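Just below is one structure, and these are the notes that go with it.
If you're wondering where the values come from, they're calculated on a predicted model, not measured in any experiment. Atoms considered below: every heavy atom in the structure, side chains included; atoms not considered: hydrogens, waters and symmetry mates.
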Amino acid sequence: MKILLALILLAIPAYAHDGVHNDWMNSLVRPDVGGSCCNLHDCKVTDAKMTGDGWVALNQFGQWVKVPETKIIRGKDNPTGRPVLCWLPSPGVLCFVEPPMG
């Protein structure tokens with residue numbers, strides 16, 4: 001079981017802090033309750049798309065998850081150039097930063 005978990009974690013290196021933006025990701029604050037969104041494993045650059053019901057983002061398990069409006073960080077520069085999802089299996093979406101628009 002430990003070997004399987006290790007292989008899964010090794011299979012998703014692109015969905016992790018990139019080293020360049022660690023400080024920025026660690027500075028993210030939860031818009032709904034305050035406090036940090038992130039440690040070195042919670043926030044990742046990912047794929048996301050806008051739907052008729054709002055944003056959905058791809059978590060590290062390859063699942064599209066709905067992003068609640070209360071979890072979207074607005075008005076913060078996003079130097080990654082891509083959507084950022086801070087997510088844990090429980091409670092789910094902690095924070096989401098939209099990709100740069102325009």
Side-chain angles (χ1 to χ4, degrees):
M1 184 66 157
K2 289 181 184 179
I3 293 172
L4 178 60
L5 179 58
L7 290 173
I8 291 171
L9 293 175
L10 288 174
I12 52 174
Y15 194 86
H17 281 206
D18 60 8
V20 175
H21 300 106
N22 286 351
D23 290 341
W24 177 81
M25 288 186 186
N26 288 331
S27 76
L28 298 175
V29 176
R30 292 181 63 171
D32 56 346
V33 296
S36 179
C37 290
C38 185
N39 68 33
L40 291 179
H41 304 291
D42 302 339
C43 294
K44 284 50 171 178
V45 172
T46 190
D47 292 322
K49 57 188 174 184
M50 180 62 82
T51 70
D53 293 328
W55 284 102
V56 292
L58 200 60
N59 71 17
Q60 66 261 50
F61 298 107
Q63 302 163 322
W64 288 100
V65 295
K66 180 165 178 35
V67 177
E69 280 292 317
T70 58
K71 306 294 184 171
I72 299 173
I73 298 173
R74 299 197 191 298
K76 183 163 180 80
D77 289 336
N78 181 347
T80 70
R82 305 221 13 238
V84 174
L85 178 66
C86 303
W87 183 88
L88 289 171
S90 179
V93 176
L94 300 170
C95 302
F96 176 76
V97 184
E98 298 171 318
M101 306 288 190

*Are Cys95 and Arg30 close enough that some pair of their side-chain heavy atoms sits under 4.5 Å apart?*
yes

*Within 45° of the ring axis of Trp64 and under 6.0 Å from its six-membered ring centre, is that where the NZ or CZ of Lys49 lies?*
yes

*How many angstroms lie between atom CG of Leu58 and atom CG of Asp47, to the nearest 0.5 angstrom?*
6.0 Å

*Go through the structure and list residues passing ring-ring contact (aromatic ring centres under 6.0 Å, His included) with Trp55, not counting sequence neighbours.*
Phe96

_Within one Ile-Leu-Val-Met-Phe-Trp-Tyr cluster: Val33 and Val29, side-chain cutoff 4.5 Å_ = no

*Quick one: name the residues clustered hydrophobically with Leu88, using the 4.5 Å side-chain heavy-atom rule over I, L, V, M, F, W, Y, and just say none if it's on its own.*
Leu94

*Close side-chain approach of Val84 and Glu98, heavy atoms under 4.5 Å*: no

*asked:* If I compare all heavy atoms of Cys43 with all of Met25, which pair ends up nearest, and what's the gap?
replied: O-SD, 3.6 Å

*For the residue pair Ala57 and Thr46, what are the closest heavy atoms and their distance?*
CB-CG2, 4.4 Å

*Does a side-chain heavy-atom distance below 4.5 Å link Trp24 with Asn78?*
yes

*What do the steps show when you test Val56 against Met50 for side-chain contact (heavy atoms from CB on, under 4.5 Å), and what is the final call?*
CA-CA 6 Å; Val56 292; Met50 180 62 82; over 6 Å; no

*Could you name each residue pair satisfying salt bridge (Lys or Arg N to Asp or Glu O under 4.0 Å) that touches residues 52-70, not counting sequence neighbours?*
Glu69-Arg74

*Are Ile73 and Leu28 side-chain neighbours, meaning at least one heavy-atom pair lies under 4.5 Å?*
yes

_Leu85 side chain near Val93 side chain, heavy-atom distance below 4.5 Å_ = yes

*Which pair of non-hydrogen atoms, one from Ser27 and one from Lys76, has the smallest distance, and what is that distance?*
OG-NZ, 3.5 Å

